[in-house]
Amino acid sequence: MVFQLGHFTWRRVLLFASAVFLFFIFIFSLTPITSPLPPYTGPHEIGILDVETEIQRRVVHDAKFKDTGENAFELNTLAITLYYPSSLPVAPPSSRPWARPWLPQPVSLIGEGYARLAGVPRLSSVFTFALWLLGSSTVIPGVVDAPILSGVEKLLVDESGGASGLGKILKVAEEEHQELKRDEGFGILPCVVFTHGMAGMSQSYSHYLGSIASHGYVVAAVEHRDGSGPGTIIHYPNGKKQKVWHLKLKDLEPNPLMTELELKAAQLAFREAEISETIKLFAQLNAGEAPIVNLKPDSPRESLPGFKNRLNLSAVTVAGHSYGATGAMQALDTAGSNALPINGGIALDPGKESGPLNKNIEVPVLVMQSGEWTEKQTKFYDQGWHFDVVRKIIESVDKGWFMTLTGTAHPSCTDAPLIVPWIMKLVTGTTLDSRVALREYIDTSVQFLKYLQTGEKKRVLASEVTSAAGPLGEPDKRTKIKGLYGADWEIHVTP
Ligand SMILES: *[C@@H]1O[C@H](CO)[C@@H](O)[C@H](O)[C@H]1NC(C)=O
């Protein structure tokens with residue numbers, strides 16, 4: 001589509017925008033178009049904190065922007081959103097605390113980002129308006145900068161299998177034994193690094209990630225600056241700000257000439273560096289060296305010193321969706337030069353066009369695909385059908401699971417189908433209820449994270465293979481099993 005500049009076209013755009021506006025107001029008055037995010041599934045209240053911190057500057061790839069001549073892949077700061085279990089009691093739904101608006105701020109940055117992504121930068125105010133319309137009433141449940149869960153509280157909830165009202169007694173007991181427990185690494189928390197998909201943002205998965213945190217995990221969702229998201233701002237320690245927009249090949253200087261695949265490789269290398277920096281940050285927090293300044297505007301840091309001696313650095317798992325799933329599998333590359341201290345990986349819908357998938361994996365891995373991802377098969381980089389490529393990789397892993405959640409679509413693990421359920425259902429044609437889908441994804445992910453700690457296979461993970469060839473086999477050989485919430489899973493590979 002080509003939009004010409006000129007009064008006449010602008011007037012039409014304005015007319016169009018106001019028509020859309022009136023239409024949405026009309027729809028709104030008929031039916032609530034958006035739903036609030038549901039409570040998290042685990043026993044703990046969660047803390048949420050946006051953290052941006054300076055890291056050692058480095059250039060991951062020497063490609064430069066055409067218009068500014070600046071490095072396109074230069075790492076200066078790391079931005080993450082932490083979701084972590086908190087020692088605060090779980091609030092009843094009526095007085096549920098909320099951490100912050102679901103839409104990243106400023107909304108206009110994201111609106112402009114999506115408009116640029118769609119190739120119509122002139123319509124950024126329309127995109128901003130649509131985002132505001134659909135997203136502004138949604139808030140992420142949780143408590144900003146809440147104190148992290150203590151060791152005793154973690155253990156008691158683990159043993160009772162749910163939250164207890166003993167908060168106060170526990171606190172006293174804990175204060176008495178604090179030193180002792182810290183020495184023993186009592187009730188320390190496993191960690192997860194999450195990497196988002198193409199055109200996604202770290203906030204787009206708040207329910208999935210917050211729920212994992214509510215089961216007792218410290219989750220860091222990376223806000224990637226690799227040019228894959230709609231837009232993000234780097235805040236330098238000297239106060240300088242730099243916007244990073246969605247990057248296309250044509251935005252780069254032709255020297256060095258890059259192909260689409262090389263661009264993906266550079267972005268994945270950039271993501272891997274950010275994952276590595278996140279793991280370093282976990283180590284710093286655990287050592288009591290919390291960043292002195294939080295570069296994210298208006299974001300506090302009071303809870304960070306409390307992370308001292310609370311993290312299990314032998315239990316860092318990497319997870320991702322789509323492009324991020326490709327990145328997560330990349331980060332598990334044991335043959336690579338900068339092998340990371342990661343104990344396993346979770347890949348949700350590994351990318352079909354995000355570059356070839358890493359095959360050198362020696363730690364346990366769980367691949368969960370949406371029904372849509374499994375049913376619509378495409379050829380994958382001259383390696384055969386995507387499904388077959390994934391299956392062969394996971395079969396070659398010593399402890400690997402590959403499964404499909406029936407009735408879901410590619411965005412089913414994001415917040416979108418929770419916030420605008422009927423729009424998403426209409427657009428993606430899902431048959432499984434969006435809340436059920438998320439609960440199934442969360443439960444299976446948590447079971448996998450527990451497996452990494454205990455070696456015990458439970459629920460879906462304990463199943464035999466039910467459908468080895470999936471969409472490529474005979475339809476009557478595609479047997480399914482029920483998940484905890486009654487949804488159908490097809491199991492393609494098990495350890
Ligand atoms: C830390 O994680 C490792 C790896 O999963 C596990 O073996 C170990 O028991 C954990 N440590 C504590 C103290 O929970």
Side-chain angles (χ1 to χ4, degrees), residues 42-44 46-47 82-87 147-164 170 173-174 176-194 209 211-220 275-276 278-288 306-320 328-329 331-334 339-347 361-367 397-401 442-462 494-495:
H44 303 289
I46 71 158
L82 281 173
Y83 299 85
Y84 55 93
S86 156
S87 53
I148 191 168
L149 189 72
S150 71
V152 174
E153 286 165 322
K154 164 86 165 51
L155 288 186
L156 269 187
V157 172
D158 281 354
E159 274 154 31
S160 68
S164 63
L170 297 180
E174 195 212 7
E176 281 176 9
H177 297 282
Q178 205 138 28
E179 289 317 309
L180 180 70
K181 272 167 281 151
R182 288 200 164 163
D183 290 347
E184 292 171 354
F186 209 40
I188 52 176
L189 304 165
C191 305
V192 177
V193 183
F194 184 84
L209 300 177
S211 288
I212 290 176
S214 72
H215 284 276
Y217 298 84
V218 173
V219 182
I275 292 171
S276 157
T278 308
I279 298 174
K280 275 192 212 158
L281 180 62
F282 280 149
Q284 282 169 9
L285 290 173
N286 197 54
F307 282 59
K308 188 176 179 190
N309 295 330
R310 294 295 304 123
L311 308 181
N312 187 347
L313 299 175
S314 326
V316 178
T317 307
V318 60
M329 286 173 73
L332 301 179
D333 187 357
T334 31
L340 301 171
I342 295 171
N343 71 347
I346 300 175
I361 299 176
E362 280 167 23
V363 291
V365 57
L366 166 67
V367 176
V397 175
D398 188 30
K399 305 267 186 253
W401 281 268
I442 292 160
D443 183 59
T444 306
S445 303
V446 170
Q447 293 309 324
F448 177 73
L449 293 168
K450 284 189 179 162
Y451 162 80
L452 292 176
Q453 294 292 106
T454 64
E456 271 181 80
K457 299 172 198 162
K458 289 194 181 156
R459 306 225 178 97
V460 186
L461 298 188
T494 61

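Values in this document were obtained by computation on a predicted structure and should not be read as measured data. Whatever order the structure lists ligands and atoms in, that order sets their numbers, starting from 1.
Remark: ligand 1 atoms within the under-4.0 Å shell around heavy atoms of A315 are 2 (O), 5 (O). Heavy-atom proximity to S314, at under 4.0 Å, picks out these atoms of ligand 1: 4 (C). Contact atoms of ligand 1 toward I188: 12 (C), 13 (C), 14 (O) (distance under 4.0 Å to a heavy atom of the residue).
For the pair I188 and N309, the minimum side-chain heavy-atom distance is 4.5 Å or more. With contacts defined as side-chain heavy-atom distances shorter than 4.5 Å, the pair Q453/N312 qualifies. Considering only heavy atoms from C-beta on, V318 stays 4.5 Å or farther from L340 through its side chain.
Selection from N312, V316, L189 by nearest heavy atom to atom 3 (C) of ligand 1 gives N312.
Side chain of S214 to backbone of P43: no donor-acceptor contact under 3.5 angstrom is found.
Under 4.0 angstrom from ligand 1, the non-hydrogen atoms of L452 all belong to its backbone.
Atom CG of L82 and atom CG of L209 lie 11.0 Å apart (nearest 0.5 Å).
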